[in-house]
Amino acid sequence: MNAVVKHDPAAAPLFVGFRQTDNAVVVRPGTGVWKTVTALGKVQRRYLDPVSGQAGYFGTVEEGGESAIVTVRVKVEQRKITEAEWLIARKGDPGLNGPAAPGQPAGNFFEPDNLAANPPPEKVIAREARSSREAMLASTNSYFDGITSHDGSIIMAYPGCSRTENGATVTGRAGRGGGAPAASGGPPAVSDCTSNLATINIEMVAARRYPIVDEEAGVVLAIAVFIRKPGTTTRRNALSEWFVIDNNKIRSIYSAMFYPAPEAPVPNWPPYNGNWPLPAALASPASNR
């Protein structure tokens with residue numbers, strides 16, 4: 001991260017075949033965020049997984065006078081950085097319905113100040129209180145199973161579990177991800193990360209990966225793609241989600257995500273290396289004869 005801020009790839013121990021993507025687009029060292037990032041931001045969380053040999057950064061970075069919310073995943077092999085994957089959210093980015101219309105606000109959530117006021121916890125869990133690696137992965141995957149089955153009861157989470165998308169807290173309030181109106185016509189019911197899945201416009205959570213399990217911090221990084229229901233024009237979103245696990249249950253979720261154009265290959269990492277989703281011409285029955 002310091003090398004990126006310095007705009008100097010030579011300042012990091014990059015492998016000769018180092019590969020980096022910025023929002024699923026492969027970039028050459030010295031280009032992309034290597035040029036735009038000028039400082040690390042107010043929120044800086046670092047997570048380590050010695051089993052997978054991967055590390056991550058979640059928080060904010062500065063690009064000149066503007067902030068961005070990012071997840072950065074790096075892979076280390078024999079003390080060389082072989083991979084870097086950036087998922088970046090910026091002010092004014094395309095949202096669920098694509099680029100903003102002239103004079104209209106962008107469709108994506110983006111609240112770095114709220115993220116700074118409500119950051120992920122920063123702690124080391126006592127060894128005897130840690131969840132196992134397998135339990136943390138099961139809890140995390142249960143969230144995506146709950147979305148695809150449209151059944152929040154499947155999710156292994158605490159009541160009141162929070163979800164923050166690109167810095168915006170989307171649980172505990174009305175609207176997208178928020179509580180449904182109370183039966184009495186009063187204020188919306190309090191929602192959590194298991195709420196309102198019966199009608200959510202997600203057909204499947206595809207290309208799921210879990211590259212980082214930090215048992216000391218109680219945090220799992222998941223990377224996936226939300227695929228919309230057939231016949232809808234809403235964009236997919238490619239997402240990174242940091243799950244804070246407490247005693248085998250989800251306590252909170254922090255996400256950095258972007259909404260790629262329909263033709264964009266995401267996530268562009270193995271085993272979906274530039275081929276997800278398949279082009280319609282290749283996926284059609286006629287092409288499979």
Side-chain angles (χ1 to χ4, degrees), residues 1 4-5 18-27 29 31-37 40-41 43-47 49 52 54-63 66-75 81-96 106-112 115 119-120 140 143-144 147 163-168 170 202 205-214 219-227 235-244 252-261 264-274 276-277:
M1 296 300 289
V4 170
V5 170
F18 171 75
R19 183 178 191 262
Q20 176 174 319
T21 57
D22 293 5
N23 282 355
V25 177
V26 178
V27 298
T31 65
V33 293
W34 291 89
K35 284 188 173 182
T36 61
V37 173
L40 303 184
V43 180
Q44 300 179 29
R45 296 292 185 269
R46 295 168 176 84
Y47 302 104
D49 185 345
S52 70
Q54 300 189 70
Y57 175 98
F58 174 73
T60 52
V61 296
E62 299 300 315
E63 296 181 302
E66 298 290 339
S67 296
I69 297 172
V70 303
T71 285
V72 185
R73 174 192 66 83
V74 299
K75 186 173 184 179
I81 299 173
T82 59
E83 301 176 359
E85 180 177 10
W86 287 68
L87 292 97
I88 312 163
R90 298 181 174 100
K91 182 179 180 180
D93 280 352
L96 285 165
N108 68 312
F109 287 132
F110 185 75
E111 296 184 22
L115 180 61
T140 300
Y143 179 73
F144 295 142
I147 290 176
R163 177 178 171 82
T164 302
E165 295 182 5
N166 291 349
V170 297
I202 297 175
V205 183
R208 305 182 198 183
R209 292 176 289 145
Y210 306 103
I212 297 173
V213 180
D214 189 329
V219 171
V220 176
L221 170 62
I223 301 177
V225 182
F226 284 171
I227 304 297
R235 283 194 176 194
R236 304 164 292 161
N237 51 324
L239 54 98
S240 60
E241 301 204 329
W242 298 91
F243 288 79
V244 179
S252 54
I253 306 168
Y254 293 84
S255 181
M257 61 175 63
F258 68 99
Y259 298 83
V266 292
N268 208 2
W269 283 97
Y272 314 100
N273 200 18
W276 183 272

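In what follows, residues are counted from 1 in the order of the sequence shown.
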Point-to-point distance, once rounded to the nearest 0.5 Å, from [atom1] of [X] to [atom2] of [Y]:
X	Y	atom1	atom2	answer
Asp22	Thr31	CG	OG1	7.0 Å
Ile88	Thr36	CD1	OG1	7.0 Å
Glu241	Arg163	CD	CZ	4.0 Å
Thr21	Leu87	OG1	CG	7.0 Å
Glu85	Lys75	CD	NZ	11.5 Å
Phe258	Arg235	CZ	CZ	10.5 Å

Closest non-hydrogen atom pair between [X] and [Y], with its separation:
X	Y	answer
Ser67	Glu62	OG-OE2, 2.9 Å
Tyr272	Arg208	OH-N, 4.3 Å
Pro29	Phe18	CG-CD2, 3.7 Å
Ala68	Glu63	CB-OE1, 3.8 Å
Gly167	Ile69	N-CD1, 3.7 Å
Val225	Pro267	CG2-CD, 4.2 Å

(request) Using ring-ring contact (aromatic ring centres under 6.0 Å, His included) as the criterion, point out the one residue from Trp242, Tyr57, Tyr254, Phe58 that pairs with Tyr47. (result)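 Checked Trp242, Tyr57, Tyr254, Phe58 against Tyr47; only one passes ring-ring contact (aromatic ring centres under 6.0 Å, His included): Trp242.
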
(request) Evaluate side-chain contact (heavy atoms from CB on, under 4.5 Å) for Arg19 paired with Trp269, printing each intermediate quantity in order. (result) CA-CA 10 Å; Arg19 183 178 191 262; Trp269 283 97; 3.3 Å; yes

(request) Taking the side chain as every heavy atom from C-beta outward, state whether Ile147 and Phe226 have any pair of such atoms under 4.5 Å apart. (result)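 Contact flag for Ile147/Phe226 side chains = yes.
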
(message) Any heavy-atom pair between the side chains of Leu221 and Ser240 that's under 4.5 Å?
(response)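 Result yes, sub-4.5 Å side-chain heavy-atom pair found.
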
(message) List the residues meeting side-chain contact (heavy atoms from CB on, under 4.5 Å) with Asp49, not counting sequence neighbours, and say none if there are none.
(response)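 Checked Asp49 against side-chain contact (heavy atoms from CB on, under 4.5 Å); matches are Val51, Ser52, Arg133, Ile212, Val213.
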
(message) Under the criterion side-chain hydrogen bond (donor to acceptor under 3.5 Å, both in side chains), I'd like the reasoning laid out for Trp34 against Gln20: C-alpha separation, chi angles, the key distance, then a yes or no.
(response) CA-CA 11 Å; Trp34 291 89; Gln20 176 174 319; 2.8 Å; yes

(request) Please assess Arg90 against Glu66 for the test side-chain contact (heavy atoms from CB on, under 4.5 Å), listing each intermediate value before the final yes or no. (result) CA-CA 8 Å; Arg90 298 181 174 100; Glu66 298 290 339; over 6 Å; no

(request) Kindly say whether Pro120 contributes a backbone atom to a donor-acceptor pair with the side chain of Arg45 at under 3.5 angstrom? (result)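 Side chain of Arg45 to backbone of Pro120: a pair is present.
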
(message) Using side-chain contact (heavy atoms from CB on, under 4.5 Å), reason through Tyr259 and Asp93 one step at a time and then give a plain yes or no.
(response) CA-CA 8 Å; Tyr259 298 83; Asp93 280 352; over 6 Å; no

